[in-house]
Amino acid sequence: MRIIADLHVQVRRGPAEGPVAAQVSAALVRGLEAVALFAPHSPAALPVLRAVRAIDARTPTLRVLSGVSCRILSPEGDLRLHTRAGREHDLVLAVAAPQVATALARWVPRYRPAASRALTDAVVAAVYRHDVDLVALPARPEVDPAEVARALRDRGVALEVCARRPRPPAALLRQLARLGVRFAVTSGAGRPEEVGDCGAAVALLGAAGVPPEQVVNSDRGGLTEWLAARRRLSDPGGWADWSRQGGTEGRERPGGRERRPGDWADWSAQGGEIH
């Protein structure tokens with residue numbers, strides 16, 4: 001399985017321009033076609049977003065996306081995310097945690113079914129109520145695979161499998177794959193040398209028997225179409241239409257016309273440097 005995009009890369013704390021440029025340079029060296037950069041905390045989200053938009057206009061062979069992550073707070077699917085913030089970014093990652101259930105349900109065996117019910121409800125409600133693009137599950141999720149799979153399929157949401165964060169077991173991933181769930185392999189990189197290094201996640205999906213066609217950022221996963229569909233575009237053949245992302249009519253995407261797969265040049269021409 002060949003991964004062509006890293007859809008979850010962290011940007012270090014500090015002024016946004018330098019860390020963003022470092023991660024993007026690493027993505028170019030890796031020969032990726034797209035990279036999604038996530039701010040480390042809420043106050044940094046806007047500077048990172050601006051830096052991403054600026055640098056994306058200067059990298060014709062690499063699609064640079066802005067991402068924001070948030071926790072699912074309750075079984076009702078409430079998110080720790082302002083609605084406007086979610087609309088400004090290209091990808092929204094909703095992270096599910098066992099804490100949505102009460103401590104009693106998590107730790108007392110006879111109440112475990114209630115914990116499973118709470119986590120399942122939280123994921124399903126978050127997917128249906130909000131415009132999320134990726135969902136991350138805890139390492140030992142007790143969820144109803146059929147209900148979670150139905151919600152993810154219905155909304156076109158991908159399940160994140162991250163190389164540097166807790167990952168669901170292969171048995172659950174196998175069940176979800178058989179139910180038609182699509183996945184996104186990510187590095188969770190914090191340092192430039194980790195960008196695009198998704199080996200642990202790829203190995204886990206391989207052990208679960210997940211085919212490349214169900215991994216949205218593999219070379220056979222239909223990444224362009226998936227990204228276009230996430231922003232409800234009329235033209236699925238190109239990248240996202242920026243005028244429809246920030247809620248401002250008529251705003252053009254930085255860099256002019258939409259980028260298409262045929263525009264991606266030889267990676268060696270980039271040299272891994274951002275100028």
Side-chain angles (χ1 to χ4, degrees), residues 7-8 10 36 38-42 45 67-162 164-184 186 188 201 204-205 208 210 214 216 226 229-230 232:
L7 298 181
H8 188 177
Q10 295 289 332
F38 285 71
H41 56 98
S42 296
V68 62
S69 63
C70 56
R71 287 187 61 180
I72 303 175
L73 300 175
S74 70
E76 291 73 36
D78 298 311
L79 299 181
R80 191 184 296 275
L81 179 70
H82 192 279
T83 302
R84 181 178 176 183
R87 290 173 180 166
E88 290 174 339
H89 293 270
D90 302 303
L91 294 177
V92 175
L93 166 64
V95 180
Q99 286 76 11
V100 297
T102 64
L104 185 67
R106 297 200 309 271
W107 297 109
V108 178
R110 73 179 198 172
Y111 292 111
R112 286 286 172 80
S116 174
R117 182 72 263 160
L119 188 57
T120 298
D121 288 347
V123 172
V124 170
V127 168
Y128 280 124
R129 285 182 55 199
H130 305 283
D131 286 331
V132 301
D133 307 289
L134 304 167
V135 165
L137 294 177
R140 296 177 181 176
E142 296 185 10
V143 295
D144 184 316
E147 290 192 35
V148 170
R150 186 183 305 111
L152 296 178
R153 285 197 322 266
D154 286 351
R155 298 284 285 175
V157 175
L159 181 66
E160 183 191 38
V161 180
C162 183
R164 286 174 177 77
R165 294 177 180 272
R167 297 177 292 276
L172 176 61
L173 297 179
R174 185 178 300 111
Q175 282 183 287
L176 293 172
R178 289 172 178 170
L179 292 167
V181 168
R182 301 182 75 186
F183 301 85
T186 69
L204 179 60
L205 287 182
V210 177
Q214 283 181 248
V216 297
W226 182 76
R230 299 314 303 150
R232 298 169 181 79

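- For the atom pair CG of D133 and CZ of R230, the computed distance is 4.5 Å after rounding to the nearest 0.5 Å.
- To the nearest 0.5 Å, atom OG of residue S69 and atom CZ of residue R80 are 11.5 Å apart.
- Taking each heavy atom of P169 and A139 in turn, the nearest pair found is CD-O, 3.2 Å.
- Using a 4.5 Å heavy-atom threshold, the side chains of L159 and V148 count as separate.
- Note that the SG atom of C162 and the CG atom of L7 stand 11.0 Å from one another [nearest 0.5 Å].
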For V210 and V161, what are the C-alpha separation, side-chain angles and deciding distance, and is it a side-chain contact (heavy atoms from CB on, under 4.5 Å)? CA-CA 12 Å; V210 177; V161 180; over 6 Å; no
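- Open room surrounds CZ on R178; 12 or fewer heavy atoms of other groups in view lie less than 6.0 Å from it.
- Side-chain contact between V123 and L137: present, with at least one pair of heavy atoms (C-beta onward) separated by less than 4.5 Å.
- Summarising the geometry, atom CZ belonging to R155 is positioned 8.5 Å from atom OH belonging to Y128; distances are rounded to the nearest 0.5 Å.
- For D144, there are no side-chain hydrogen bond (donor to acceptor under 3.5 Å, both in side chains) partners, not counting sequence neighbours.
- Rounding to the nearest 0.5 angstrom, the gap separating the CD1 atom in I72 from the NE2 atom in H130 is 8.5 Å.
- Summarising the geometry of A149 relative to L179, their closest heavy-atom pair is CB-CB, 3.6 Å, with the distance given to 0.1 Å.
- For the residue pair T186 and A201, the shortest heavy atom distance occurs at O-CB, 4.3 Å.
- When all heavy atoms are compared, the tightest approach of W226 to A158 is CZ2-CB, 3.9 Å.
- Pairing each heavy atom of L79 with each of A126, the nearest pair is CD2-CB, 4.1 Å.
- Between D121 and E76, every side-chain heavy-atom pair lies at or beyond the 4.5 Å cut-off.
- With values rounded to the nearest 0.5 angstrom, L176 atom CG is found 10.0 Å from R153 atom CZ.
- Nearest heavy-atom pair across P138 and A96 is CD-O, 3.4 Å.
- Q214 places a side-chain N or O within 3.5 Å of a backbone atom of V181 that can act as its donor or acceptor partner.
- Salt bridge present: D78 and R129 bring a charged side-chain N and a carboxylate O closer than 4.0 Å.
- Counting heavy atoms from C-beta outward, L134 and H8 have side chains that stay 4.5 Å or more apart.
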